[in-house]
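Data block below; observations after.
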Amino acid sequence: MQQYKKSQYKLILVLVGLPARGKTHISYKLNRYLNWIGYKSEIFSIKGAQQNNTQLDQNIDYELEIDPTNQQFAEVRQQLSFTAAQELVSFLQSDGDIALYNGLTSTKLDRQKLKSLFKEKLKLEYQVFWIESICDDPQVILNNINESKLSRFKDQAIEQFMNYINVLAQNYESLENIENLSYIKLINIGKLVKVHMLEGYLCSKIVSFLLNLHANNRQIYLVRSCQTEYHLLDKIGGDPELSVTGKQNSQQLGDYFIEELKGNKNITFFTSQMKRGIQTAEIVGDKLGIKALKTKNLDEIDYGICDGLTVKEIAAKYPKQIKERKANPLEFKYPRGESFLDVIHRVEPIIYEIERSREPVLIIAHVAVLKCLYAYYHCNQINEIPNIDIPINCVIKLVPIPYHCLESRVIIK
């Protein structure tokens, strides 16, 4: 089940950079995004290879043990990096589409060895795209450590870890055009970007995604438009206006956000172009003194010929479609309508806008659309999307942090 037609070749994304430059964070976000749009993607790293090796002492974190003078640990890291590459090959040889590699790649020799391994072991057509993260801002490096690695330190001091990085930096070799590689360089979290020998639709899409990433934490609020007459009549789709109760609920939503946002008007605010979405957003926006950007990307899923019918009418007129929907809710679409896969494709630009925003994001939309957005941040498998619960009169607050997404829900009464 693929949102996009599979490429004829497999794709390898190789992360390059010194420790604490955000490589793991980038690989996590990319992997989440690629799986969400329908590719089978997986990360292969030193840490992952260690977790799969029952003979190693799991109390030692070899991803953090980077003391250049400790030859024993250096050899283990080399072996784990090689193991991760072998696991990557096996993944792509089977049914994997895209593999992300986060091993030892900091020198030209490391990269040449990796290229040779792929050439020798991969018995299929593949493409390699290199992603280098460079950072020379000490505060950003320290923030990366505090946000993504601090909980993993034991007796080792952060200052000592930073000293080890400085030693490793002496032998670090940045990607160069002479290596004849297709790559992107992200310098100081995207303040400067360099792209070389970019090839293919998928790599271009990945570059576009990477250009929107940043390290700022912010809140994302997902809210359904409020009650309409269609809710009372058990009808689906359509473009009805809010009911009297729906308008009251919208006022309550506005009151909630007055307290939640505490006067902050620097909000990225989106809604759909459907009447119920616009009306809910206008009532909330008037309370906050802000206006929503209306976009068709956030319109509810298109129910095709069943738009505006009740659930009973659909069951009576189209029993075959009801069975098909139960059998495969992800890919099912009513005649002349949309599937959830179509909705993922439609809301993808909104993901780019959310990732780009450094301010809180408020989205007032509709249940199918919000299921797709929610699944992106919680790394749900795409076949789980139809079953995600998005209640009406509920504010879902998401806070993306490195490798996770915090969530809280507030019912508006």
Side-chain angles (χ1 to χ4, degrees), residues 219-265 267-304 306-316 325 334 337-338 340 343 347 350 360-374 385-398 407-413:
Q219 301 80 30
I220 300 167
Y221 301 93
L222 304 180
V223 184
R224 279 179 62 177
S225 58
C226 291
Q227 187 195 79
T228 70
E229 295 300 328
Y230 271 33
H231 289 113
L232 303 176
L233 299 173
D234 202 24
K235 291 184 176 182
I236 66 170
D239 193 18
E241 297 187 350
L242 293 181
S243 65
V244 173
T245 300
K247 292 177 181 178
Q248 293 172 345
N249 294 149
S250 299
Q251 294 285 347
Q252 294 169 319
L253 267 176
D255 292 336
Y256 166 82
F257 280 111
I258 288 175
E259 178 65 26
E260 173 71 14
L261 299 175
K262 303 188 185 306
N264 181 13
K265 294 185 179 182
I267 307 296
T268 301
F269 187 14
F270 289 103
T271 192
S272 71
Q273 291 187 358
M274 308 194 87
K275 292 176 184 177
R276 58 192 183 273
I278 292 172
Q279 290 177 335
T280 304
E282 284 180 344
I283 293 171
V284 172
D286 287 345
K287 290 258 186 181
L288 300 175
I290 58 176
K291 291 186 180 295
L293 177 65
K294 306 174 187 69
T295 171
K296 198 167 182 62
N297 298 79
L298 291 174
D299 283 2
E300 179 59 298
I301 191 170
D302 188 344
Y303 289 97
C306 294
D307 194 57
L309 299 180
T310 65
V311 175
K312 288 184 179 180
E313 288 172 336
I314 296 172
R325 185 175 185 274
Y334 291 106
E338 288 181 304
F340 275 100
V343 175
V347 303
I350 302 300
V361 178
L362 170 57
I363 294 181
I364 294 178
H366 313 283
V367 62
V369 168
L370 296 177
K371 286 182 177 186
C372 293
L373 295 176
Y374 180 95
I385 289 176
N387 298 320
I388 293 173
D389 182 33
I390 307 287
I392 197 167
N393 301 327
C394 175
V395 177
I396 300 176
K397 178 180 178 181
L398 305 177
E407 176 186 336
S408 60
R409 296 190 177 205
V410 176
I411 302 297
I412 304 300
K413 297 182 180 180

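Residue numbers count from 1 along this sequence.
Judged purely by atom type and a 3.5 angstrom limit, Q219 has no side-chain atom pairing as donor or acceptor with the backbone of P360. Q279 places a side-chain N or O within donor-acceptor distance of the main-chain N or O of L242, the cut-off being under 3.5 Å.
Contact check for K247 versus V244: no side-chain heavy atoms found under the 4.5 Å cut-off. A heavy-atom distance below 4.5 Å is not found between the side chains of T228 and S243. Using a 4.5 Å heavy-atom cutoff, the side chains of P240 and R276 are in contact. Taking the side chain as every heavy atom from C-beta outward, L253 and T280 approach each other to under 4.5 Å. A heavy-atom distance below 4.5 Å is not found between the side chains of D234 and K312. For the pair I314 and Y334, the minimum side-chain heavy-atom distance is below 4.5 Å. No side-chain heavy atom of T271 sits under 4.5 Å from any side-chain heavy atom of L298. Residues V367 and E300 have side chains in contact (heavy-atom distance under 4.5 Å, counting atoms from C-beta outward).
When all heavy atoms of P391 and R409 are compared, the closest pair comes out as CD-NH1, 3.3 Å. Across all non-hydrogen atoms, the minimal contact from V284 to S250 is CG2-O, 3.7 Å. Closest of all the heavy-atom pairs between A292 and A281 is CB-CB, 4.0 Å. Counting all heavy atoms, side chain and backbone alike, V347 lies closest to N297 at CG1-O, 3.3 Å. Across all non-hydrogen atoms, the minimal contact from Y230 to G237 is CD2-O, 3.3 Å.
Distance check, rounded to the nearest 0.5 Å: CD of E282 to CD1 of I364 gives 10.5 Å. Rounded to the nearest 0.5 Å, atoms NZ (K235) and CD (E313) are 7.0 Å apart. Atom OG of S225 is separated from atom NE2 of H231 by 6.0 Å, given to the nearest 0.5 angstrom. If you take CG on L362 and OG1 on T268, they are separated by 9.5 Å, rounding to the nearest 0.5 Å. Atom OH in Y374 sits 8.5 Å away from atom CG in D389 (nearest 0.5 Å). Separation of atoms CG (D307) and CD1 (I301) is listed at 11.0 Å; rounding is to 0.5 Å.
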Quiz item: Between I278 and K275, does a side-chain contact (heavy atoms from CB on, under 4.5 Å) hold up when you go through it step by step?
Solution: CA-CA 5 Å; I278 292 172; K275 292 176 184 177; 5.8 Å; no
Quiz item: L370 and I363: side-chain contact (heavy atoms from CB on, under 4.5 Å), yes or no, with the steps?
Solution: CA-CA 9 Å; L370 296 177; I363 294 181; 4.1 Å; yes
Under 3.5 Å, sequence neighbours excluded: what are the donor-acceptor pairs made by side chains of residues 254-263?
residue, atom, partner, partner atom, Å
D255, OD1, K287, NZ, 2.7
Y256, OH, E260, OE1, 3.4
E259, OE2, K262, NZ, 3.4
E260, OE2, Y221, OH, 2.6
E260, OE2, K397, NZ, 2.9
K262, NZ, E259, O, 3.3

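For the 3.5 Å distance criterion, the side chains of S272 and H366 qualify, holding a donor opposite an acceptor.
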